[in-house]
Amino acid sequence: MKYKSIKGTKDILPDESYIWIEVENRIRNIMHTYNYKEIRTPIFEETKLFARGIGEFTDIVGKEMYTFVDRGGDSLTLKPELTASVIRAYIQHNLGEKQPLTKVYYISPAFRQERPQAGRLRQFHQFGAEAIGSKYPIVDAEIISLSSKIYESFGIKNYKIKINSVGCEVCRNEYKTILKKFLFEISDKLSPESQKRINVNPMRILDSKDEDDIKATKDAPLILNYLCDDCKNHFNQLEELLNFLDIKFEVDGRIVRGLDYYTKTAFEIISTELGSQDALAGGGRYDLLIKELGGKDTPAVGFAAGMERLLMVLQKQNQNKFQAPKPKVFIAYTDQSFEKITFNLAHKLRSNGISCEFDFLKRSLKSQMREANRQNSDYVIVIGEEEINSNWLQVKNMRTGEIQKVGIENLENYFLGLDE
RNA sequence: GUGUCCAUAGUUCAGUUGGUUAGAACGCCAGGUUGUGGCCCUGGAAGUCGAGGGUUCAAGUCCCUCUGGACACCCCA
């Protein structure tokens, strides 16, 4: 085979695309019920935006981005996540000046050059939402409510919401010092990987999957006990709000977000049925990002979720039974000389918004009937000598097998009346 | 980037210690008397056995390299 899709990319073929469309539509509907409006940003941005926004030393920026130099000599990057782009647009278009709180959502491809595995592709799709402009925990609660509502509405079972606070600049740094001290003391019991991370990213060690790490850090200090009053208060209020809405969650002091910009609230929605990449969605508050990217000091919260992962769970739980598009009417003809008349009839029906199909391969009537069946069309009309002479058409209902005679002048109305 | 396993018709898979024209099922195509699908029956098309190299009288089968896939690490949605 000469040409193949790039490693870690996937074609969404016709027998699957309708599922994507349906899922996207439902996500949009839920976003709209929460009054979030869609924002679409370009597929690539200046490389610096991500380096600045996500963090120079994160793995995403350091080794996973698709970065290239364009013909003008500028360094550009295919977006590895959406928040940085959304915030760039927010700042660039002064959205904060039009209203104090901006609520936007997106459904978009994103790109990371990682080794593909279950639930991970190099071109993948994320949906998510950002609420920009409020520092109050009720927005954090809305974001969590919104993200979990999406999974709930698809009938997904076995997902968990885990929340944590990663503190603010002040209390997190104090905590990191304490944590590092603890980790150094037990460093001989940690995995080699984690030993290297003590200075670089100590909080990540608490999230390690390594057995030794898990054992060794069993009694590690957790940030929740070291939050400053403001952060502690914020977290308590969030818990209270979630309880008030009856949203089930777990507090997990070990959740860490991979992107540098998070402050205070961090949360994840995980599924027990996803294999190793078990996060359906992740998000949290990022009060420092907008200023970091050159905007005004503006608080914000958001979440990002993986489309492919949602689709995986839907399939595993057999919840992806959506209706594939199909023609309402299939027009079959008994002789090739009626092909043009058939085309013309199809044209009329289509002009009236009635989806229909006919044969393009000059096949036998039997083959056309089989085709109509395969297409799952609701009705079949047969065009032949008699019909053309009499102007009465036989309309066969493919569910019941019943055949009705319909005058050609009433045909559109017949099908439109059946709509509903 | 690391590791393990894998790669044969459109799809899912067989293919015996290396040995004639590489098989099955499903799918696809055409038929099963004059103008009606789904089941059934008959027939048919379809594979550079992932790519390249090597060993051998002989390679789908053994060896090497590459590419791709699955899963895990890493990282993260």
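Since the model is a prediction, treat every value here as computed from it, not as a measurement. Each chain gets a letter, A, B and so on, in the order its sequence line appears, and its residues count up from 1.
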Review point. With a 4.0 Å cut-off on heavy atoms, is A:Gln368 in touch with a base, just the backbone sugar-phosphate, or nothing at all?
Key: nothing
Practice item. Please state the C1' separation for the pair B:G23 and B:A46 - nearest whole angstrom. Key: 13 Å
Practice item. Mind running salt bridge (Lys or Arg N to Asp or Glu O under 4.0 Å) on A:Glu211 and A:Lys215 for me, showing each step along the way? Key: CA-CA 6 Å; A:Glu211 290 287 340; A:Lys215 251 188 243 167; 6.0 Å; no
Check your understanding: Taking atom C1' in both B:G15 and B:U21, what distance in whole Å separates the two?
Key -> 16 Å
Check your understanding: Would you call the rings of A:Tyr379 and A:Tyr414 parallel, tilted or perpendicular, where under 30° means parallel and over 60° means perpendicular?
Key -> perpendicular
Check your understanding: Passes salt bridge (Lys or Arg N to Asp or Glu O under 4.0 Å), A:Lys103 versus A:Glu142? Steps please.
Key -> CA-CA 11 Å; A:Lys103 303 211 299 185; A:Glu142 181 178 79; 2.9 Å; yes
Review point. Rounded to the Å, how far apart are A:Arg120 CZ and B:U2 P?
Key: 15 Å
Check your understanding: Would you call the rings of A:Trp20 and A:His125 parallel, tilted or perpendicular if under 30° counts as parallel and over 60° as perpendicular?
Key -> perpendicular
Point to revise | Span that lies between the C1' atom of B:G52 and that of B:G68, in whole angstrom | key: 15 Å
Point to revise | Distance between P atoms of B:G60 and B:G19 (Å, rounded) | key: 10 Å
Practice item. Have a look at A:Ala372 and say if it touches a base, only the backbone sugar-phosphate, or nothing, with a 4.0 Å heavy-atom cut-off. Key: nothing
Review point. Just checking A:Phe127: base, sugar-phosphate only, or nothing, at a heavy-atom cut-off of under 4.0 Å?
Key: nothing
**Study point:** Residue from A:Arg52, A:Arg88, A:Lys79 passing salt bridge (Lys or Arg N to Asp or Glu O under 4.0 Å) with A:Glu45
**Key:** A:Arg88
Practice item. Could you please spell out the steps behind the salt bridge (Lys or Arg N to Asp or Glu O under 4.0 Å) verdict for A:Glu339 and A:Lys362? Key: CA-CA 8 Å; A:Glu339 189 187 51; A:Lys362 307 190 190 300; 2.9 Å; yes
Exercise for review: Remember a base hit wins even if backbone is also touched, and classify A:Leu280 as base, sugar-phosphate or nothing at under 4.0 Å, heavy atoms.
Suggested key: sugar-phosphate
Revision key, fill the gap. Which of B:A77, B:C73, B:G35 is nearest the side chain of A:Ser276? It is B:C73
Listed pairs, N/O of protein and of nucleotides 68-70 of chain B, under 3.5 Å:
residue	atom	partner	partner atom	Å
B:G69	OP1	A:Gly8	N	2.9

Practice item. Could you check how far NZ of A:Lys63 sits from C1' of B:C73, rounded to whole Å? Key: 12 Å
Practice item. Please measure how far the C1' atom in B:U42 lies from the corresponding atom in B:A51, and state the result in whole Å. Key: 40 Å
Practice item. Give one of base, sugar-phosphate or nothing for A:Gly128, where a contact means two heavy atoms less than 4.0 Å apart. Key: nothing
Exercise for review: Establish, yes or no, whether a centroid distance under 6.0 Å links the rings of A:Phe360 and A:Phe358.
Suggested key: yes
Review point. Roughly, in whole Å, what's the span from CG in A:Asn397 to C1' in B:G37?
Key: 12 Å
Practice item. Kindly state whether the ring of A:Tyr105 and the ring of A:Tyr36 have centres lying under 6.0 angstrom apart. Key: no
Check your understanding: Where does the angle between the aromatic ring planes of A:Phe267 and A:Phe303 fall among parallel (under 30°), tilted (30 to 60°) and perpendicular (over 60°)?
Key -> tilted
Output one line per pair: protein atom, nucleotide atom from nucleotides 29-33 of chain B, and distance, for all N/O pairs under 3.5 Å.
residue	atom	partner	partner atom	Å
B:C29	OP1	A:Arg374	NH2	2.8
B:C29	OP2	A:Arg374	NH1	3.4
B:A30	OP1	A:Ser367	OG	3.3
B:A30	OP2	A:Ser367	OG	3.1
B:G31	O6	A:Arg370	NH2	3.3
B:G32	N7	A:Lys366	NZ	3.3
B:G32	O6	A:Arg370	NH2	3.1

Check your understanding: With rounding to whole Å, what would you report as the distance between B:C63 and B:A24 at their P atoms?
Key -> 29 Å
Exercise for review: For B:U16 versus B:A7, give the span between their P atoms, rounded off to a whole number of Å.
Suggested key: 13 Å
Review point. Roughly how many Å is it from NZ in A:Lys405 to C1' in B:G35, rounded to a whole number?
Key: 12 Å
Exercise for review: From the options B:C74, B:A77, B:G35, select the nucleotide whose nearest atom is closest to the side chain of A:Lys209.
Suggested key: B:C74
Exercise for review: Using a 90° cut-off around 0 for syn, call B:G38 syn or anti.
Suggested key: syn
**Study point:** Test side chain to side chain donor-acceptor pair (under 3.5 Å) applied to A:Gln368 and A:Asp359, step by step
**Key:** CA-CA 6 Å; A:Gln368 293 180 61; A:Asp359 178 60; 4.7 Å; no
